[in-house]
Amino acid sequence: MTWSVVNDGTGCRGSYLRSPADRQLRFFLVLLYGGQIISWKNDRREELLFMSSKAVLKPPNSIRGGIPICFPQFGNFGFLEQHGFARNRLWALDSCPSPLPPSRSNSSVDLILKSTEEDLKTWPRSFELRLRIILAPGKLTLIPRVRNTDTRAFSFTFAMRNYLSVSDVSEVRVEGLETLDYFDNLMKRERFTEQADAITFDGEVDRVYLSTPSKIAIIDHEKKRTLVLRKGGLLDAVVWNPWDRKAKALPDFGDDDYKSMLCVDSAAIETPILLKSFEEWKGWQELSTVSSSYCSGQLDPCKVLYG
Ligand code: TA6
């Protein structure tokens, strides 16, 4: 299995990594710009990730779709730019990734982002952010690691923002977050407790769910497909859909795009991650597809969530 590096020749977009199409392995595209996965397809070549119809794939903008990395700050939970700067930086191939347990899949790639003189002006802490991406049949695993290469301790918040492609968001259910507390970003981050037995969507939602279980199911009735998000080292989860008014207000978001996307992120927000000098933090998330849904009666969300 070989990876190919494609440079789009404009030079300003950095390079693509594309795994050659293989019946067993899924199509997959990651940009060095933002260290961002922008496409993941299943063996029916259906795109599983959302990309805005108005996305701009050029610096300095962040790319509205795929899986951007929010670091060293999530949202406006701090003094830095919204969602930090990692998503607006050119990452590199990590030619000598520090060891990780071998993955069963032979389709993995390692990316790295190191703090630059420029970064140190806005966030005076030196770091190395590594991202291992592993592709396996029906599964996409991301393993981020942050090493504090500074002489002082620092803390950060973090998220892997999963822009998921859905058939019709008003028909989607998210299970696994019931009864949890959450910060509502639409209500000045006031804290509430989820009363519903599943999250459904009929308007803008922008919430940070706190200390969630490690499994969350995103059930797409129409596509008879459930996406299962498993995560570790990332206690929180963000659920976001801008709905119509916010979609119109976002320049890089198509007016109707909100109908076919949902963000369900793995995150560390409520309790920032503290790293002493030369310490390293590791998190992980795995997205996998289960091809059935409630109405087929074949899928019992409880089985998905609780095994
Ligand atoms: O999910 C949280 C959030 O901060 C929302 O409030 C909304 O602004 C969204 O992220 C999009 O942020 P972005 O900077 O990508 O436009």
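Just follow the structure's listing: the first ligand is 1, and inside any ligand the first atom is 1.
- For ligand 1, the atoms lying closer than 4.0 Å to a non-hydrogen atom of Arg87 are 13 (P), 14 (O), 15 (O).
- Near Asp206, meaning under 4.0 Å from one of its heavy atoms, ligand 1 places the atoms 1 (O), 2 (C), 3 (C), 5 (C), 6 (O).
- Under the 4.0 angstrom criterion for non-hydrogen atoms, Glu81 is not in contact with ligand 1.
- The distance from ligand 1 to the heavy atoms of Phe74 drops below 4.0 Å at these ligand atoms: 1 (O), 2 (C).
- Between Phe77 and Phe183, the ring planes are tilted. Angles from 30° to 60° get that label.
- With respect to Asn76, the side-chain hydrogen bond (donor to acceptor under 3.5 Å, both in side chains) criterion is satisfied by exactly one of His83, Arg189, Gln82: Arg189.
- Heavy atoms of Phe253 found under 4.0 angstrom from ligand 1: none, in either backbone or side chain.
- When Phe127, Phe74, Trp281 are each tested for a ring pair (Phe, Tyr, Trp, His ring centres under 6.0 Å) with Phe156, only one passes: Trp281.
- One option in Glu204, Gln82, Arg161 has a heavy atom closer to atom 12 (O) of ligand 1 than any other, and that option is Gln82.
- Scanning the protein heavy atoms around atom 3 (C) of ligand 1, the nearest turns out to be His83 NE2, 3.7 Å.
- The aromatic rings of Phe253 and Trp240 stand perpendicular to each other, their planes meeting at an angle above 60°, with 30° marking the opposite boundary.
- Taking the six-membered ring where tryptophan is involved, the planes of Trp243 and Tyr258 are tilted, since the angle between them lies from 30° to 60°.
- Ligand 1 has an N or O atom lying under 3.5 Å from an N or O atom of Arg64, backbone or side chain.
- Ligand 1 has no nitrogen or oxygen under 3.5 angstrom from a nitrogen or oxygen of Trp240.
- Arg125 forms no cation-pi arrangement with Phe154, by the criterion of a distance under 6.0 Å to the ring centre and an angle within 45° of the ring axis.
- Annotation for Lys114: atom NZ does not count as buried by contact number, only 12 or fewer foreign heavy atoms lying within 6.0 Å.
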